[in-house]
2 protein chains.
Amino acid sequence: MDTVSKAITANTATANGGVRGGVRGGVRGGVRGGVNLPALRGHNDALVLHLLRGAGPSGLGRSELAERTGLTPQAVSKITARLRGEGLVAEAGRGASTGGKPRTLLRLVPEARCAVGAHIDRDELRVVRVDLAGRVTADWREPLDFGAGPGVVLDAVADAVVRAFAHPESGAGPSPVLGVGIAAPGPLDWRTGVLGRVTGFPEWEGFPLREELAGRLGVAVVLDKDTNAGVGAADGGGDFGASVYLHVGTGLGAGLRLNGEVYRGVRSAAGEFGHQVLMLDGPVCRCGGRGCVEVLCLDAVARGDLAEAARVLGEAAANLVALLDVDRVVLGGRVVEAAAGVFVEGVAGALAGRGAVATVALAGRGVAEGAAELVLGPFFGRPA
Amino acid sequence: MDTVSKAITANTATANGGVRGGVRGGVRGGVRGGVNLPALRGHNDALVLHLLRGAGPSGLGRSELAERTGLTPQAVSKITARLRGEGLVAEAGRGASTGGKPRTLLRLVPEARCAVGAHIDRDELRVVRVDLAGRVTADWREPLDFGAGPGVVLDAVADAVVRAFAHPESGAGPSPVLGVGIAAPGPLDWRTGVLGRVTGFPEWEGFPLREELAGRLGVAVVLDKDTNAGVGAADGGGDFGASVYLHVGTGLGAGLRLNGEVYRGVRSAAGEFGHQVLMLDGPVCRCGGRGCVEVLCLDAVARGDLAEAARVLGEAAANLVALLDVDRVVLGGRVVEAAAGVFVEGVAGALAGRGAVATVALAGRGVAEGAAELVLGPFFGRPA
DNA sequence: CTACTTTGGCAACAGCGTTGCTTAAGTGCA
DNA sequence: TGCACTTAAGCAACGCTGTTGCCAAAGTAG
């Protein structure tokens, strides 16, 4: 097992509440553990890779890396030499001189590794293959009947992912795969990878999707709610901001990204947005409550009053922005996509003066990209 | 400057967005930086101290520390030897044998250092001195007119804190002070320590409270909103839970604790709870909005309808619990304290079946204790 | 052509946790 | 009482990390 496979496997194990030590990015993360030299090295390696990823193809000089990491230039030289040896980093020409020897620029080699992301939706499967820079190098799309149950769906997903494994990178052959990220309808337990009671699909309750797929595919698999993958994709680069992804489809859901990390809550249940009460003693919702955003918003959609639906969504979003001091609100889902302008305008209106901007998610494969980011994130040192 | 002063000063500097490296607990934290050997050592030291703090006076064996940190027993021996040399850790007898040599227990020495916390309320000042275990070793209370402005208030706070500095620990003399934590009415910028526009007290806007106090006192000062200090105190021990502190006083505010850490948002403005809209197009609130929790709840209180106030508060709390997947809701503030039973019952009712419990905060000095915890937290490796 | 500045590698070093081994201090059984 | 076994914990040597001191390389500025 090479270093990278070990890293992602161990990281996944960490996500599972287990092992630590000796992994790239092993210092930060949920488990409050001790740090030894391999963990230290993994952290610094991942940090440098992360900075180079952010710099793009033009790259960064060693001295800039030193300044931004707080390490000495000599330490950066050693770290980058290591990473060049692994093929993850390459030289990218020289920068402009600032009065002395011009710096040698370094860049991430995006083709060195790749990740696969899959979005299991209620009626469709989307799979993407992305390189280390997060760029989509191939994508697939096919109909899927989520209600057909675990057996059928698992076959379809496994087939599509294996196809993605074999897909050649631009020019050369396929890169080593870091792992597979899966986005599925919630609720589900992110730590164990077991599905919960998905509304309308009781046959999935308790199904260990992550474990089953990992067994079939033989690589690390990370499973998360589609809304969490969505918020990860919508704002992949930001280090510390807070953003919210609001999904309006058959229901309303939210993905939260706080301090630059997806927030999942103590039971993986965070982001329950649809049943926020917005009108005390209002109309009865299918959840049994009264005056939930979902019933107010979707009823308005059903009546054809999109402006009212957007206003309701905006008010709920404003609550969320005020409570969590959020930067960005990203809207997505089929209802929004069908009338993006109306919804963005309505939400932006409610958010006026609160310091947050409303945008609309790129339709289609965004959630699948976010699923791939579930794998890339830990590789670049984000807490698993 | 001794190691500890250096640690807390540097940690405070980190809170301020600046320096890193060579500090206790230097590995985790907001700034995503490189890790060198001193930072690694600081992290492991802080981690061991944290575990010993949680174990209380009975202490922990070296092998348990090894297991819980993931480090080797030998590494733990070296670390604890260092900490014993600094007087922070001491032996605490022997544990029961499990078939071999019984383990030598180690415990935190709470008197080795101390911290001071101050709660600046609108009409009262409370100051506590706490030891490393978080126990209050002395507290003071005096009337304060926050509206008298920065000059008068600063004098009063500085006097009270200096008095706390000199207070002898039980038995021996005063312990070295790690720093001072200040809780003040929000809004304020936690990173810079500058106050914002506090409702009803325009003369405080833009006042650099943290800097001014640090200059006068000559020690590290951390400033945070009273609600953030409140949530820190309410659940000081928990490592990973999520809890919310809801304060009902002249207004409604919330402190959020997510993944075991106080969440402050991108502009230090998180926890804006009072103006969550709970009744679309409801009664007009002083904030200009309509149907905010604050106007609904406080109007009910004014009418003497505490049950309705509690119900409204409960519904808003339920929104928050659902959205953030929170463990615990802690209620505080004078309105709650005046009728704790009614409010706990009302909120607990709304929370039924959501997996969160409602409790009431210890009245009085709780926020000041939380302020002291702002200083202790970084010492034990919590992100500053 | 001659300073001067900046970059970045080489070599020696200090300090971290780890490994291998030894000693200490108990339990359990004959 | 004696012996084997188990667990705890320290000593010494070690490997590997980033750091420091030094020097060569490669530009700019006059």
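Each chain gets a letter, A, B and so on, in the order its sequence line appears, and its residues count up from 1.
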- Task: Using the closest heavy atom to pick a nucleotide of DNA chain D for each, name whichever of B:Gly99 or B:Thr104 lands nearer the 5' end.
- Result: B:Gly99
- Note on the structure: Of B:Gly61 and B:Leu37, the one whose closest nucleotide on DNA chain D sits nearer the 5' end is B:Gly61
How long is the line joining [atom1] of [X] and [atom2] of [N], in whole Å?
X	N	atom1	atom2	result
B:Arg103	D:dT6	CZ	P	17 Å
B:His43	D:dT17	NE2	P	18 Å
A:Lys101	D:dT28	NZ	P	13 Å
A:Glu91	D:dA26	CD	C1'	14 Å
B:Ile79	C:dG15	CD1	C1'	13 Å
B:Asp45	C:dG15	CG	P	14 Å
A:Leu106	C:dG9	CG	C1'	14 Å
A:Leu65	C:dG8	CG	P	10 Å

- Query: Has the side chain of B:Asn259 got a donor or acceptor atom that lies under 3.5 Å from a matching backbone atom of B:Glu261?
  - Reply: no
- Query: If only atom types and distance count, is the side chain of A:Asn44 paired as donor or acceptor with the main-chain N or O of B:Val35 below 3.5 Å?
  - Reply: yes
Would you say [X] reaches [N]'s phosphate, i.e. side-chain N/O to OP1/OP2 under 4.0 Å?
X	N	answer
B:Asn44	C:dC16	no
B:Ser77	D:dA9	no
A:Arg62	C:dG9	yes
A:Ser97	D:dT28	no
A:Arg94	C:dT6	no
B:Asn36	D:dT17	no
A:Arg41	C:dG17	no
B:Ser63	D:dA8	yes
A:Thr72	D:dG18	no

Residues [X] and [Y] bridged, charged N to O under 4.0 Å:
X	Y	result
B:Arg113	B:Asp131	no
A:Glu64	A:Arg103	yes
B:Arg267	B:Asp189	no

- Message: Nearest to the side chain of B:Ala75, heavy atoms from C-beta on, is which of C:dT18, D:dA9, C:dC16?
- Response: C:dT18
- Close side-chain approach of A:Leu88 to A:Leu132, heavy-atom, < 4.5 Å: yes
- Query: Any N or O donor-acceptor pair linking the side chain of A:Gln74 to the base of C:dC10 at under 3.5 Å?
  - Reply: yes
- Do A:Lys78 side-chain and D:dT19 base share a donor-acceptor contact under 3.5 Å? yes
- With sugar-phosphate meaning primed atoms plus P, OP1 and OP2, does A:Pro73 contact a base, only sugar-phosphate, or nothing at under 4.0 Å between heavy atoms? nothing
